[in-house]
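Hydrogens, waters and symmetry mates play no part in the numbers below; they use all other heavy atoms, side chains included. What you see is a predicted model, and the numbers here were worked out from it, not measured in a lab.
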Amino acid sequence: MPVLHQLIDAREIEEFAEAYHRASGYPVPLDYLHRCLVFGMRRRGRLIGGVVVTGEAPLRTFARIPQPHRAAVEAAVDGTGTVELACVWIDRAHRSGLRSALFWYGLFLESGRRGARHVVFGTESESLRRMYLLGRPQVLYQGPVTVDGQQKQGTIFYSPVSHRWPALLRMTGYKMGPAWLRRRLAAVPPSDADRDVRSPGGVQADTAAAVPLRGLAVASGELVRGLSDRVSRRQRVRARAALGAAACDGFALVTGASSGIGLAYARQLAARGAGLLLVADEPEVESVAARLREEYGVRTDALVIDLSAEAAVDKVVSWVGQRRVEVLVNNAGTGVKGPFVAGDTSRYEHLIRVNLTTPVLLTLAFLPSMAGRGRGAVVHVASVNALSPMPRSAVYSATKTFLLTYATAIWYENRRRGVVFQTLLPGTTATRFHDRQHTDLPGWAAAPDRVAATSLARLGRHPVCVPGVLNQVFRALGAILPLRARTAAAGEALRASLGVRD
């Protein structure tokens, strides 16, 4: 069981704010807490400690430093690889002993899960300053700080995340050890060796045998980690946090939201109270936004834009502006069916921009802020066609395969930064997409609402979601059949749906 629990609901956030105010004497704005990751430690149902973790600028710690010192401190920090620990508090009755040690263990554990290289934190308390120094951090700033309009003396620290466990051992020894150990730890000054970050020059060259062996070890470790995440439900908690934040004062951005699966996502998210930013190339998306606003009472806005147009993504990002995107659903897509050589150049260019370029650039635009907050969700709507090359739909199936491989790689890069990823592989779904492609819908075609509901229900369980038993069987067969056989089977399925006779 985790030592610190992530606080998601608005009621829990308010409870944290009240408890922190009682413990520290400082008020903390609720809108700040909703933008960050908030963790609490409970005993008998009552909060006895907590911490706020964020990496999104501006950092609360730096805002207290007067200029020009603030600019110098910010320049010394790696802005893309740093998380901030703020609003750290623990009840006075539990500031020593086992519960205090457990609290700091949980705090260090959560800071390490963000995928950052450094952590920044500060204090105006002399007792906390002495304890923080036991971790051998770098002192970025020491001097006057402004807290709630009052000037005090404060210290800002900066430390590699990799040093958190030695720091925890020293702090635990200081808080729980005998008097002679506390005196010894307090007397040892920080050493340069403690502060040095691992140098790339010290890495030895890999041997030919070491690389595959280490790869197997990492693969085994990832399997174990995946099982651990499922048992602990950690990723599902993160998914709930992203959906909950979108329902507070954040937003869910859905592309291709005028019809089909995109419209179904919009309805499902609206039912959860999420603010909606809907994008599509059809004017109907504006009436969709108005209808959802009236039916569910949620904040909605719509943008009509052709996502294949030049600078379309820049226009979307500009339209979003300062609104905080907590959930990104890259759903917009189009297809070209028929023999490859019979295709039109402009249609292929349009398909590649909508299916491939747009989701990449939108993710690139909004993922950094999600990772900085340590919270968010990115969903890519691909297709079961991603599992196999498909004759008569070569470019379309290739773009969906790209989405699957690219999105899975991005998930792995950011798996410790609090952002949840999912690539949805729906099978044949009853949407207008098939009308445009002149393909016959079988009787077992899935309903869009069911597909979107399954996706959101499974968000955080696994980076790939395949709704429907038939699609899961197809995926299992694809893992067994050789590429040539899979291509032939997929081509035959599409040939039949198109009514083509060779």
Give a yes or no on whether a salt bridge exists between [X] and [Y], defined as a side-chain N under 4.0 angstrom from a carboxylate O.
{"X": "Glu326", "Y": "Arg373", "result": "yes"}
{"X": "Asp91", "Y": "Arg43", "result": "no"}
{"X": "Arg64", "Y": "Glu124", "result": "yes"}

Could you walk me through whether Arg353 and Ser308 pass the side-chain hydrogen bond (donor to acceptor under 3.5 Å, both in side chains) test, one step at a time?
CA-CA 5 Å; Arg353 287 175 181 169; Ser308 70; 5.5 Å; no

In terms of heavy-atom contacts, Ala280 and Ala257 come closest through CB-N, 3.9 Å

For residues Leu403 and Pro359, report the shortest heavy-atom separation together with the two atoms involved.
CD2-CG, 3.8 Å

Side chain of Gln422, backbone of Ser455: donor and acceptor closer than 3.5 Å?
yes

Look at the side chain of Arg375 and the backbone N and O of Ala371, then say whether any donor-acceptor pair between them is shorter than 3.5 Å.
no

Atom CZ of Arg450 with >12 non-hydrogen neighbours under 6.0 angstrom
no

Does atom CD (Gln67) have a neighbourhood of more than 12 heavy atoms from anything else shown, all under 6.0 Å?
yes

Applying the side chain to side chain contact (heavy atoms under 4.5 Å, CB included) test to Val254, which of Leu277, Leu263, Val329 qualifies?
Val329

Does Arg324 make a cation-pi contact with Phe251 (under 6.0 Å, within 45 degrees of the axis)?
no

Over-ring placement of Arg35 relative to Tyr32, 6.0 Å and 45° cut-offs
no

Can you find a heavy atom in the side chain of Tyr20 that is under 4.5 Å from one in the side chain of Leu47?
no

Residue that, paired with Glu15, satisfies salt bridge (Lys or Arg N to Asp or Glu O under 4.0 Å) out of Arg22, Arg46, Arg42
Arg42

Is the ring pair Phe16/Trp89 parallel, tilted or perpendicular, if the boundaries are 30 and 60 degrees?
perpendicular

Does the side chain of [X] come under 3.5 Å of the side chain of [Y] through a donor N or O and an acceptor N or O?
{"X": "Tyr406", "Y": "Thr363", "value": "yes"}
{"X": "Tyr132", "Y": "Thr123", "value": "no"}
{"X": "Glu84", "Y": "Thr61", "value": "yes"}
{"X": "Asn330", "Y": "His380", "value": "yes"}

Step through it carefully: locate the ring centre of His21, locate the ring centre of Tyr26, and say whether they are under 6.0 Å apart.
no

Looking at the rings of Phe39 and His5, which for Trp means the six-membered one, are their centres under 6.0 Å apart?
no

